[in-house]
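Atoms within a ligand are numbered from 1 in the order they appear, just like the ligands themselves. The residues of the chain are indexed from 1 along the displayed sequence. This one's a predicted model, so the numbers in the text were calculated from it and none came from an experiment.
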Amino acid sequence: MKNKEIFEESKKYMPGGVNSPVRAYTALNIDPPIIKKGYGSHLFDEEGKEYIDFIEAWGPMILGHSNEKILKEIEETLKSGVGFGAPTELELKLAKYICTTVDNVDMLRMVNSGTEATMSAVKLARGYTHRDKIIKFAGCYHGHFDGFLVEAGSGVLTENIPGSPGVPKGSVENTLIAEYNNIESVKTLFEKHKDEIAAVIIEPVAGNMGVIPGKKEFLLDIRKICTENRTILIFDEVMSGFRVAYKGAQSLYNIKPDLVTFAKIMGGGLPCGAYGGKREIMEQLSPMGPVYQAGTMSGNPIVMAAGYASLKELNNNPDYYSYMDKMGEKLQAGIYEIARQKGISLVVNRCVNMMTVFFTECSEVTSYEEAKKSNTKMFSRFAEHMIKNGVYVPPSQFEAMFIGVKHTEEDIEKFLEVMKEM
Ligand code: PLP
C-alpha cells in the first residue's frame, strides 16, 4: 500500500491513525510519511522515498537506526526467550552500569516509559516527604500522567489543548505551575505553600516547548530552595539523559538532583524508562519500603540488553558528543546565515545535539511565553517544505530536533540546501 492508503486505513482503526498524537501532523497540511525502515541517519517510507532523520524517534536513536551493535545484542538475547517477569542478570547489568557511570544515582527502578518514570518519581517523592503538592513548569512535558497535564508542552501545546478533558480537577489541584527560567515564580509558590511541596520536577534542558536550556543560575537557585525546604528535586532527563552528555544535563550544569528520570536513549530504541537517585529515598520503594510501584514488563531482558549495548557504546566514545556538538554548531550557523540572506526572523536554540528553530521576532526564547509568540504558520511552512524534500524534521514548533552520531557533514549540508529553497 502507498503512504496515503495506509494512513487513511489506519484512521479507521486507530484514533487519528496514530498511537501518539504528534505523529498525525495536525499542524501541517501534509500527511505523515509511513516509515518502513531506517539505517544510520536515514529513513525510508513505504514508497521508497528517503529522508534524513532529524527526529530520531523523538530522541532514542542517537546511535542511528539499525545500529549493528544494538541489533546483535537484541538477537543474542532473543535466543533465550523474550521475558520472564523474574529477576535477571541483564537488569542488574544495566542498573549497575547506570548507577556506576552516571552521577547522583545510587539505586534505580526500571519501568516501561518516560511517563511511568516521572509519575513514579513524583509518587516516591510524595511518599518520602509525606507532602502532596508538586511544582512543574509551564511548557515542560513529563508524559501524559494526569497530574502533569496542566500547562504541558509537546503534543498538548501543538494541539492547543488546555490540559485535557478526562483529567479530574482533584488530579491537578496539587500541581503548582511556575515559569521556566524565572526564579521569582518558584519563590512565590514556596512562600505561599511552605512545608507543603513534595517535589519540584523540571526538564533541566527543556525540549517540549521547543528546546529551551535552563539557565544555570536558575537551576542552582532551585537546588538551593529545594534543599532549604526539604523538597525533592527531580530532574526529568527522559530526553536530555545520555543525550546532551553521557551523564546528562545534570553533569553539564554540575547540579545534584535528588531523583532523576530516564527513558528514550537508555532503552536503545525499545520501550523503556527508569527512575533513580539517593539511596535513602529509593529504599522507600516497595518491597523495601511502603511506596508501591510495580510493572509486569519492567526490566524486560531484550530492553535491558539493547539499553546496555547503547549506553556502553556512548560512554566508551566521549568523542561522539564533541562530534554531535560540532554538527549542531554547523547546522545552527548555517540556519542563521540563510535567515540573514532571506530576511527571516528566527532564533535557533541549541544544547549540544538538541535544537529548535523558532520563527520569531523575539531576540531570544527562554520561556514558554516567549516560545508561544513564535509564528507557527511560518514553522509549518518550513516543516512541510523540509519533509516534502526529504529532510525529516519535527512537525511542530514545540518539539526538539535531534542530531545523532550517524549524521554526516553531507546530511547537514543537505538540510541547509533544502532550507535555502524554502
Ligand atoms: N519527560 C520528558 C522530558 C519527555 O520528553 C517525555 C516524552 O517525550 C516524557 C517525559 C514521557 O515519555 P514517554 O513518551 O516515554 O512516556
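Considering backbone and side-chain atoms together, G143 places no N or O closer than 3.5 Å to any N or O of ligand 1. Considering both main-chain and side-chain atoms, E203 never comes within under 3.5 Å of ligand 1 through any nitrogen or oxygen pair. Between N208 and ligand 1, an N or O atom pair is found at a separation short of 3.5 Å. In terms of polar-atom proximity, defined here as any N/O pair under 3.5 Å, D236 does make such a contact with ligand 1. In terms of polar-atom proximity, defined here as any N/O pair under 3.5 Å, T115 does make such a contact with ligand 1.
In this structure, Y141 is part of the shell of residues with a heavy atom less than 4.0 angstrom from ligand 1. Not a single heavy atom of H144 sits less than 4.0 Å from an atom of ligand 1.
Aromatic ring pairs are classed by plane angle as parallel below 30°, tilted from 30° to 60° and perpendicular above 60°; the pair F379 and F359 is perpendicular.
In summary, E196 and R131 do not engage in a salt bridge, as defined by a charged side-chain N under 4.0 Å from a carboxylate O.
For residues 257-270, the salt bridge (charged side-chain N to carboxylate O under 4.0 Å, His left out) pairs, not counting sequence neighbours, are R223-D258, D258-K278. Pairs passing the side chain to side chain donor-acceptor pair (under 3.5 Å) check and including a residue from residues 166-180, sequence neighbours excluded, read K133-N174.
Within the 4.0 Å heavy-atom criterion, the part of K264 lying near ligand 1 is the side chain and not the backbone.
Between M239 and A400 the shortest heavy-atom distance is SD-CB, 4.1 Å.
Closest heavy-atom approach to atom 6 (C) of ligand 1 within the set I201, T261, V238: this belongs to V238.
Those atoms of ligand 1 with a heavy atom of G114 less than 4.0 angstrom away are 11 (C), 12 (O), 13 (P), 15 (O), 16 (O).
Side-chain atoms of Y141 and E203 form no donor-acceptor pair, as typed in the model, at a separation below 3.5 Å.
Taking the six-membered ring where the residue is Trp, the centroids of H42 and Y392 are separated by 6.0 Å or more.
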